[in-house]
Amino acid sequence: MLKSAMDKKEKAYIIARLLRNPNVDVGQLRELSLSPHGYVNDELRRVVWPKLLGLDLDTKMSAHGKSKLLEHRDYNQVVMDVKRSTKRFPPAMKEEHRGKLQDQLTWLIMQVLVNNPQLHYYQGFHDICATFLLILGKNIGYLVVDALSRSHLRDFMDPDMHRTNTMLNYLYPILDRADCELKSYMQKAEVGTIFCLSWLITWYGHALDSARQTVRLCDFFLASHPLMPIYLASAIVLHRREEILETECEMCYIHVLLSNVPTNLPYEELIGSAQQLFHKYPPSELAEEAEFDYYDSKTMKNFAKFEKGIGLHKPLEKRLWKDSKVEAESSQTTLFKVTMWTLTAAVGAAFIAAQYVASSLNS
Amino acid sequence: MESSSNEHIDYVFKVVLIGDCGVGKSSLLLRYSDDFFQESYLCTIGVDLRIRTISVDDKRVKLQMWDTAGQERFKTLCGHYYRGAEAIIIVFDVTSENSFSNVLRWYEEARQLSRQDTVLVLLGNKSDMADSRAVSTERAQSLAASLNIAYFESSAKLCDNVKETFTATTRKMMEAYQKHHRAHLPDDLTNSKSLHMSQPIKSSTSLNCFDCSIM
C-alpha cells in the first residue's frame, strides 16, 4: 500500500506507469483507490474506471433509437428528475452547455434502461449517472453505468426496494460490533436507517455538495465490494459519535443531524475506517443479522461472476469465494485442475524428452 | 436546526407532505422553514425532515415536517412516516392535470395509514402560474369537499399562502388533539383550559412507537 504522505504527482506517475501495461492487474488498481487522492485526476480516472469494471472500450456500442427511449415506462420520470438536477453540474457552467449535458444525461440513463429491460429506474440513479457523465463523457459513461447497473447497483433497480432496505440493515450490526453504546443510543431513539438511504443508492452524490468529494468516493466504490457504501455510512456515524450522543435521544433530532453531511468530513480517513470495518466484519458474516439474502441478491451474484471473469488474485471478500453457493469456487477448482493438468503434462513431456535425449546419446 | 433545549412547548406535531413528484413539496417546506425558494430543487430521496417551532393562538407548537419522495417505489419505505402523523398534506400542482388526478390515490394511501384523528388537507401549489393553470380552484374545492377535507392554494415561489396553510393546519391539529383527548380524559381534566407542561409534550406519535418504527 502507498504511504499516505505520497504526493499527488508521485501517485499520478505510479498510476500512469501501471496503465502502460494493457493487462494491468485490477487488484493493484483497486489498492490505489484506498490511499489518499484515489486516482488523482480525471484524465487518469477516464482510463482507470472502465478498467476496474473489466470493460473493453473498443467494444462497438449499439445505441437504441429515440423512439425506443421515449416508449420506456420510466421516460417521463427520468426527464423530470434530470430537469431538477442542475445542482449536480458545476455552478460556473453556462446554461446552454448545462442544457446539452442534461440532454446527454437523459440519453445515457434511457440507453441503460432500454438495454436492460429487467431494470427499474429509481430516483437517485440519475445522481450516479451525472457523476459518470461529467467525468467520462456520454459514450464511455454509458458503458460504465451499463455494467454497474448490472452489478453494484443491481439490487437498487429491482421492482421494489426490499433488498435495498435489507442492505441498509447492515448499519446496526456493524455499529453493534464497533460501538455498542452508540448503537444502543441510536436504537433507543429509533433513528432507523432512512437517513442514509440516499448515501447508499446515489453513492453519496445526492448528499454531498462537493463534486470532488463525490468523485473521490467513486474511486473507492468502483474498486470495492458493492456493500462498501454502507460500511462508509457506518464509519461516518462512528466518526460523529460525540455529536450524536450530545443530541437529544429522539429520532427527529438525530435524523436531522445525520442526514446533513458536514462538508469538512475527513474522507481519506473515513475511507480507511470503512475498509477496516469491512475486513473486521465482512458482509457475509452479518447477512443473517441484517436479514439480507446474500445468495439471492442479484448484485452479489453478478459481482461474484464479475470477479471470477477478471480472474482476480485477491478477491474483495475471501469468504464469498469460500462459500459454496457462489459459482466462484467452482471456477477456482477448475483453474486448479487446469493448472495441475498443465503441470502434469509438462512434467510428462519433459520426462519423455529426457528419455529421448538419453536414448539418443546411448545410441 | 431548532434547539432541542427545554423551552416551553405545548404541542409536538408530525406533519407529512405527500403527492406526485415535482408538485413542490420540498419547495413548500423550504419556503416555510427557511423562507427560501430555489427554482430547481433536487428531488427528495426517501424522506427529508425539517423542524420548526411556531406560535398559534398563544400556544407553542413544535412541528416536525416530513417531506417524502414522490416516486411510487419509495412508498413502502415512506409509509412508516404517515403512520401516526397528526396531519397529512396532499399536495398537487395546479398546472398539472395528472398530479390532480392522482390525488385520489394519495388520499387512499393517507387514509390507510392515518389514525382516526389525523387531519387531512389538500393543497394546490404553483398558484402563481396562472397562464398554465390546468386545475381550477372550483374543481379542487369540490374534490376536497367530496372528501370532507380542507383545501388551500399556495405559491412556494411567491411565498403566497404558505404560512397561512401551515398555521391553519396546525390549528386543526390542535382542535383534533383537544377533541380526541377530551373524549378520553376523565371529567376533571377536560375542564383545564390548556395544557402547560415544563417538558415538551410528546406527540402521540412518539408515544406509540411501535406504530411508527422506521423499518
Notebook entry, point to check: In Å and rounded to the nearest 0.5 Å, what is the CG to CD1 distance from B:Leu77 to A:Ile194?
Noted result: 5.0 Å
Notebook entry, point to check: Can you find a pair of side-chain heavy atoms, one from B:Ile51 and one from A:Tyr253, that are under 4.5 Å apart?
Noted result: yes
Next item on the list: Report, as yes or no, whether the 6.0 Å neighbourhood of atom NZ on B:Lys172 holds more than 12 heavy atoms from other residues, nucleotides or ligands.
Entry: no
Checklist line | Within 6.0 Å of CD in A:Glu289, more than 12 heavy atoms from elsewhere | finding: yes
Check: What's the shortest heavy-atom distance between B:Trp66 and A:His255, and which atoms?
Finding: CZ3-NE2, 3.9 Å
Next item on the list: With chain B as the partner chain, list the residues of residues 79-99 of chain A whose heavy atoms fall under 4.5 Å from it, by residue number, and write 'none' if nothing qualifies.
Entry: A:Met80, A:Asp81, A:Lys83, A:Arg84, A:Ser85, A:Thr86, A:Lys87, A:Arg88
Checklist line | Neighbour count >12 (heavy atoms, 6.0 Å) for atom CZ, B:Arg111 | finding: no
Next item on the list: Identify the two heavy atoms, one from A:Gln123 and one from B:Cys43, that lie closest to each other, and give their separation to 0.1 Å.
Entry: NE2-CB, 3.8 Å
Margin query: At a 4.5 Å cut-off on heavy atoms, which part of A:Phe195 comes close to chain B: side chain, backbone, both, or neither?
Written below: neither
Checklist line | Contact origin within A:Thr164 toward chain B - heavy atom pairs under 4.5 Å | finding: neither
Item checked: Any donor-acceptor pair under 3.5 Å from A:Gln77 side chain to B:Cys21 backbone -> no
Check: Under a 4.5 Å cut-off applied to non-hydrogen side-chain atoms, are B:Ile45 and A:Ile201 in contact?
Finding: yes
Note to self: Tell me whether B:Glu97 at atom CD has more than 12 heavy atoms from other residues, nucleotides or ligands lying less than 6.0 Å away.
What the structure shows: yes
Notebook entry, point to check: Atom CG in B:Leu49, atom CG in A:Asn260: separation rounded to 0.5 Å?
Noted result: 9.5 Å
Margin query: Please classify the contact between B:Gln38 and chain A as side chain, backbone, both or neither, with a heavy-atom cut-off of under 4.5 Å.
Written below: side chain
Check: Closest heavy-atom contact between A:Tyr122 and B:Arg73?
Finding: CB-CD, 3.5 Å
Check: Is it the side chain or the backbone of A:His162 that comes within 4.5 Å of chain B heavy atoms, both, or neither?
Finding: neither
Next item on the list: Starting at CE of A:Met251, measure out to NZ of B:Lys14 and round the result to the nearest 0.5 Å.
Entry: 7.5 Å
